[in-house]
Amino acid sequence: MSKYVKNLLTEHVAKALDGVQDALLVDMVGMTANMTNILRGELESKGISLMKVKNTSAKRALEGTTLAPLFETMEGSSALCWGSEDIISLAKEVTALAEDKRFAEFFVMKCGVMDGERLDAKMVKEISKWPSRKEQLGLLVGQILGPGANLVAAMLGPGSTVAGQIASKAEGEE
């Protein structure tokens, strides 16, 4: 491949990953074209992009970015996955597809990067078990609203008891 074409590929990778902070690296060796299309369709429906890359050109393209640790010691075939809401959602989806029996033999997690730190496959699997951003926001809202609801219940409890006693006294006198 000529140097001009290599530079074009490097620029393409750099443009595609401009602004991406978190990504996962997977291995797709042995997948048929039909399996790859099905996999890409499933990833795309969840807002995840997949790009097969040449390690050397990706390493040059990502030099100086938060994704650079992905290719520090990478060998063999690689494909980058990025997108979704956050790294946790991305890890959940990619891990689920890697464990799917249709793709399990060929779609293998290699590593990832989160906030500029390299993650091995085991760490990515652990992260996939964390609550997603939506789940975390739900927990936070519940924790914020919980004390207020308890306070209102405590304030209304005695008042409703007194109101019930007055109502029963009023009925008894009639």
Side-chain angles (χ1 to χ4, degrees), residues 1-140:
M1 190 179 317
S2 71
K3 191 169 191 161
Y4 177 74
V5 174
K6 287 180 183 179
N7 288 337
L8 285 176
L9 286 172
T10 302
E11 288 174 22
H12 174 71
V13 171
K15 283 181 186 176
L17 297 172
D18 186 37
V20 175
Q21 299 295 318
D22 307 313
L24 301 176
L25 204 61
V26 295
D27 188 0
M28 298 174 45
V29 172
M31 288 185 88
T32 65
N34 289 339
M35 286 174 60
T36 303
N37 283 336
I38 292 169
L39 177 68
R40 285 179 187 270
E42 289 195 24
L43 288 171
E44 189 176 314
S45 70
K46 295 170 182 163
I48 300 172
S49 301
L50 177 74
M51 177 190 290
K52 196 112 159 110
V53 292
K54 186 171 167 50
N55 289 339
T56 53
S57 58
K59 187 174 183 175
R60 271 189 279 136
L62 300 175
E63 202 170 281
T65 68
T66 58
L67 299 178
L70 281 174
F71 293 95
E72 286 175 347
T73 58
M74 197 47 54
E75 293 179 359
S77 175
S78 301
L80 272 166
C81 292
W82 74 94
S84 197
E85 293 177 0
D86 55 5
I87 186 68
I88 298 168
S89 301
L90 177 64
K92 283 180 188 263
E93 297 299 336
V94 172
T95 302
L97 286 171
E99 292 173 353
D100 187 336
K101 59 184 168 184
R102 296 176 295 168
F103 310 114
E105 187 179 341
F106 308 107
F107 190 67
V108 179
M109 178 72 61
K110 282 185 161 182
C111 63
V113 68
M114 178 173 72
D115 297 330
E117 290 189 40
R118 186 182 168 94
L119 309 168
D120 63 7
K122 186 188 281 186
M123 292 168 75
V124 172
K125 196 166 186 166
E126 275 183 42
I127 288 172
S128 71
K129 296 175 185 169
W130 292 358
S132 69
R133 184 174 190 274
K134 285 183 181 178
E135 293 167 344
Q136 289 175 1
L137 289 174
L139 291 171
L140 180 64

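We count residues from 1, following the sequence as given.
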Output yes when a side-chain donor or acceptor of Arg118 lies under 3.5 Å from a complementary backbone atom of Pro69, and no otherwise.
yes
Of Val20, Leu80, Val13, Leu25, the residue whose pairing with Leu67 passes side chain to side chain contact (heavy atoms under 4.5 Å, CB included)
Val20
Indicate yes or no for a side-chain donor-acceptor contact from Glu135 to the backbone of Ser132 under 3.5 Å, with no hydrogens or angles considered.
yes
Looking at Ser57 and Thr10, what are the two nearest heavy atoms and their distance?
CB-OG1, 3.6 Å
Rounded to the nearest 0.5 Å, how far apart are CZ of Phe106 and CE of Met28?
11.0 Å
To the nearest 0.5 angstrom, please state how far the CG atom of Asp120 sits from the CE atom of Met109.
11.0 Å
Spatial distance of atom CE (Met114) from atom CG (Leu119) [nearest 0.5 Å]:
5.5 Å
More than 12 foreign heavy atoms under 6.0 Å from NZ of Lys46: is that the case here?
yes
Grab the two heavy atoms, one from Trp82 and one from Ala23, that are nearest each other, plus how far apart they are.
CB-CB, 4.1 Å
Approximate separation, where rounding is to 0.5 Å, of Lys52 NZ and Met31 CE:
9.5 Å
Separation between NZ (Lys122) and SG (Cys111), nearest 0.5 Å, reads 15.5 Å
For Trp130 and Ile88, which heavy atoms make the closest approach, and how far apart are they?
O-CG2, 3.5 Å
Can you see which heavy atom on Leu24 is nearest to which on Gly112, and at what distance?
CD2-CA, 3.8 Å
Output yes when a side-chain donor or acceptor of Asp22 lies under 3.5 Å from a complementary backbone atom of Asp115, and no otherwise.
yes
Within a reach of under 6.0 Å around NZ of Lys134, are more than 12 heavy atoms found that belong to other residues, nucleotides or ligands?
no
Expected output: side-chain Lys92 to main-chain Ile127 donor-acceptor under 3.5 Å:
no
Any sub-3.5 Å donor-acceptor pair from Ser89's side-chain atoms to Glu85's backbone N or O?
no
Output, in order, the C-alpha distance, side-chain angles, deciding distance and verdict of side chain to side chain contact (heavy atoms under 4.5 Å, CB included) for Ile48 and Glu93.
CA-CA 9 Å; Ile48 300 172; Glu93 297 299 336; 3.5 Å; yes
Measure the shortest side-chain to side-chain distance between His12 and Met51 over non-hydrogen atoms and say whether it is less than 4.5 angstrom.
yes
Do Arg102 and Asp100 sit within salt-bridge range, that is, some charged N less than 4.0 Å from a carboxylate O?
yes
What closest approach, in Å, do Val113 and Ile87 show between heavy atoms, and which atom pair accounts for it?
O-CD1, 3.9 Å
Rounded to the nearest 0.5 Å, what's the gap from CD on Glu42 to CG on Leu97? Could you check?
5.5 Å
Side-chain contact, heavy-atom cut-off 4.5 Å: Val26 with Val108?
no
Heavy-atom closest pair, residues Phe107 and Cys81
CZ-SG, 4.5 Å
Evaluate Met123 against Glu117 for side chain to side chain contact (heavy atoms under 4.5 Å, CB included), listing each step before the verdict.
CA-CA 11 Å; Met123 292 168 75; Glu117 290 189 40; over 6 Å; no
Go through the steps to decide whether Lys3 and Asn7 satisfy the test side chain to side chain contact (heavy atoms under 4.5 Å, CB included), and finish with yes or no.
CA-CA 6 Å; Lys3 191 169 191 161; Asn7 288 337; 4.0 Å; yes
Cationic N near anionic O, under 4.0 Å, Lys125 to Glu99:
yes
If you draw a 6.0 Å radius around CD in Gln136, do more than 12 non-hydrogen atoms from other residues or ligands fall strictly inside?
yes
Evaluate the side chain to side chain contact (heavy atoms under 4.5 Å, CB included) criterion for residues Thr36 and Leu39: first the C-alpha distance (whole Å), next the side-chain angles of each, then the deciding distance (0.1 Å), finally the verdict.
CA-CA 5 Å; Thr36 303; Leu39 177 68; 5.6 Å; no
